[in-house]
**Student:** 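The structure is given below, and queries will be raised subsequently.
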Amino acid sequence: MKKLLLLVLIASLTTCNDGDVIVTTFNFNSVNLQSCGSSGGYLFFKINDGGSESISLRLGTSAELFMVSDTLVSTLDGSSNFVNYRVFDGAVSSDYFCNQVPPTQPVVTIEYVAQSGTSTLITTTERDDADGLSREQEGSGDPDGDGLANFFDFDDDGDNVPTILELDTENLDGDNDPLTNPLDTDGDKIPDYLDTDDDGDGVLTRYEADGTLDPTTIITDPGEGPDYLNSVIANEVIIDEFREHNYNFDSDIDLVLSNLILINGEEQITRETLDMGMIESILTGNILVTPAFPSN
Ligand SMILES: [Ca+2]
Ligand SMILES: [Ca+2]
Ligand SMILES: [Ca+2]
Ligand SMILES: [Ca+2]
């Protein structure tokens, strides 16, 4: 009933343009949410199927959005954060919203501005370290205490040898599963990718690197490989630092407007909840980080 009343109200809002009558519909259910902008001014908008109506949200936040899972609730204050519902005298494209200098055509013929309301932006970020193990195989433990959960930690045991080099890299069992036959150089039942002393010589792998952050490059006996895999060589140079890590991220968003009151002179459109929809992979990228070494 509420919806019907609204439609009647909207249908009664007509305006003349070159003799044509424009009727607003306020129907954005079937169109995709779009976005542009950056820190200081993000814009989210929908253009209806006919292309002559839009609803847009500007968020003036100075935060860098879409990098981590988060829920950002913003009050529509009419200045920093505001919503506009517009009717144009012709089809409008995303350029209208995203260009530095908006096109002069089409012209806005009707405009409603949100007097009050709230926007809720939910960011869901997936992280992946591409270390050869799936998220399910790795879990979210943090055995090396570097603040990066295993599924996005490319060096799970923090020995400065990347996990991808400590798995069953030769696939001798032929099953392409690095966990069924993981490398366990010293045979202590702890697979190398979780073993901080891979050769069991009593010197941590991280310390068998001659003070560098790459144990794979320190080789005393080429016939036996790197010192950290050669139990006969046990040169210790203490280095309690982690190498630089990197992981990929991929963020989706969901946007909902609530308690929305749009005003145009005497006219008013209210919506308790207006689901603006979602955008998949609104931002993807690679994060470089050098984790702090745990103090104890
Ligand atoms: Ca970790
Ligand atoms: Ca990992
Ligand atoms: Ca190891
Ligand atoms: Ca060694």
Side-chain angles (χ1 to χ4, degrees), residues 67-69 125-171 175-251 284-296:
M67 304 283 282
V68 295
S69 292
T125 301
E126 295 287 343
R127 293 164 162 176
D128 178 34
D129 55 17
D131 68 359
L133 298 175
S134 68
R135 181 179 179 132
E136 290 68 32
Q137 287 173 316
E138 295 207 74
S140 54
D142 182 17
D144 60 356
D146 64 357
L148 307 178
N150 282 351
F151 68 88
F152 69 101
D153 186 346
F154 86 160
D155 175 14
D156 295 292
D157 59 5
D159 65 0
N160 289 334
V161 179
T163 291
I164 199 164
L165 301 179
E166 299 203 87
L167 295 170
D168 175 19
T169 49
E170 296 178 2
N171 193 30
D175 70 354
N176 290 316
D177 182 348
L179 286 190
T180 51
N181 186 31
L183 291 183
D184 180 12
T185 301
D186 56 7
D188 64 357
K189 308 290 191 221
I190 301 170
D192 283 4
Y193 80 100
L194 295 175
D195 192 343
T196 55
D197 176 10
D198 294 295
D199 57 8
D201 62 3
V203 177
L204 292 179
T205 291
R206 195 173 63 249
Y207 294 167
E208 291 202 70
D210 198 22
T212 74
L213 292 174
D214 188 357
T216 67
T217 61
I218 306 305
I219 303 169
T220 301
D221 180 353
E224 292 297 320
D227 291 1
Y228 79 97
L229 296 176
N230 181 357
S231 60
V232 175
I233 306 294
N235 296 327
E236 181 178 75
V237 180
I238 291 175
I239 180 159
D240 286 331
E241 294 174 38
F242 291 127
R243 62 189 293 158
E244 185 178 68
H245 287 46
N246 72 82
Y247 58 87
N248 301 315
F249 74 94
D250 185 333
S251 294
T284 62
N286 187 262
I287 300 285
L288 291 176
V289 59
T290 302
F293 198 85
S295 52
N296 51 356

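The basis for the numbers below is simple: all heavy atoms, side chains too, and nothing from hydrogens, waters or symmetry mates. Both counts, for ligands and for their atoms, begin at 1 and track the order of listing.
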**Student:** Test Tyr247 against Val289 for side chain to side chain contact (heavy atoms under 4.5 Å, CB included), laying out the working first.
**Tutor:** CA-CA 9 Å; Tyr247 58 87; Val289 59; 4.2 Å; yes
**Student:** When you check the space around the Ca ion (ligand 1), which protein N, O or S atoms turn up under 3.0 Å?
**Tutor:**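 Protein N/O/S atoms under 3.0 Å of the Ca ion (ligand 1): Asp142 OD1, Asp144 OD1, Asp146 OD1, Leu148 O, Asp153 OD2.
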**Student:** Tell me which one of Asp192, Asp198, Asp199 satisfies side chain to side chain donor-acceptor pair (under 3.5 Å) with Thr185.
**Tutor:**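 Checked Asp192, Asp198, Asp199 against Thr185; only one passes side chain to side chain donor-acceptor pair (under 3.5 Å): Asp192.
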**Student:** Counting C-beta onward and ignoring hydrogens, is there a side-chain heavy-atom pair between Leu133 and Thr163 closer than 4.5 Å?
**Tutor:**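 Leu133 reaches Thr163 side chain to side chain.
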**Student:** Is Phe249 close to Ser69 at the side-chain level, that is, under 4.5 Å between some pair of heavy atoms?
**Tutor:**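 SC-SC contact between Ser69 and Phe249 ruled out.
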**Student:** Side-chain contact test, heavy atoms from C-beta onward, threshold under 4.5 Å: evaluate it for Leu229 versus Glu208 and give yes or no.
**Tutor:**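 Not in contact.
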**Student:** Any side-chain heavy-atom pair from Pro226 and Ile219 closer than 4.5 angstrom?
**Tutor:**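 Side chain of Pro226 against side chain of Ile219, heavy atoms only: contact under 4.5 Å found.
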**Student:** Report yes if the side chains of Ile233 and Glu224 come closer than 4.5 Å at any heavy-atom pair, otherwise no.
**Tutor:**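 With C-beta onward as the side chain, the pair stays apart.
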**Student:** Report the atom name of the nearest N/O/S atom of Asp129 relative to the Ca ion (ligand 2).
**Tutor:**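 Of all N, O or S atoms in Asp129, the Ca ion (ligand 2) lies closest to OD2.
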**Student:** Would you say the side-chain atoms of Asp129 pair up with the backbone N or O of Asp153, donor to acceptor, closer than 3.5 Å?
**Tutor:**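 A pair under 3.5 Å: yes.
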**Student:** Go around the Ca ion (ligand 4) and count every protein N, O or S atom nearer than 3.0 Å.
**Tutor:**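 Under the 3.0 Å cut-off, the count stands at 7.
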**Student:** Angle at the Ca ion (ligand 2) between OD2 of Asp131 and OE1 of Glu138, to 10°?
**Tutor:**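 It is 90°, given to the nearest 10°.
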**Student:** Scan Asp155, Asp240, Asp159 and name whichever one has a side chain to side chain donor-acceptor pair (under 3.5 Å) with Arg206.
**Tutor:**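 Result for side chain to side chain donor-acceptor pair (under 3.5 Å) with Arg206: Asp240.
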**Student:** With heavy-atom distances below 4.5 Å as the criterion, would you say the side chains of Asn246 and Phe154 are in contact?
**Tutor:**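 In contact.
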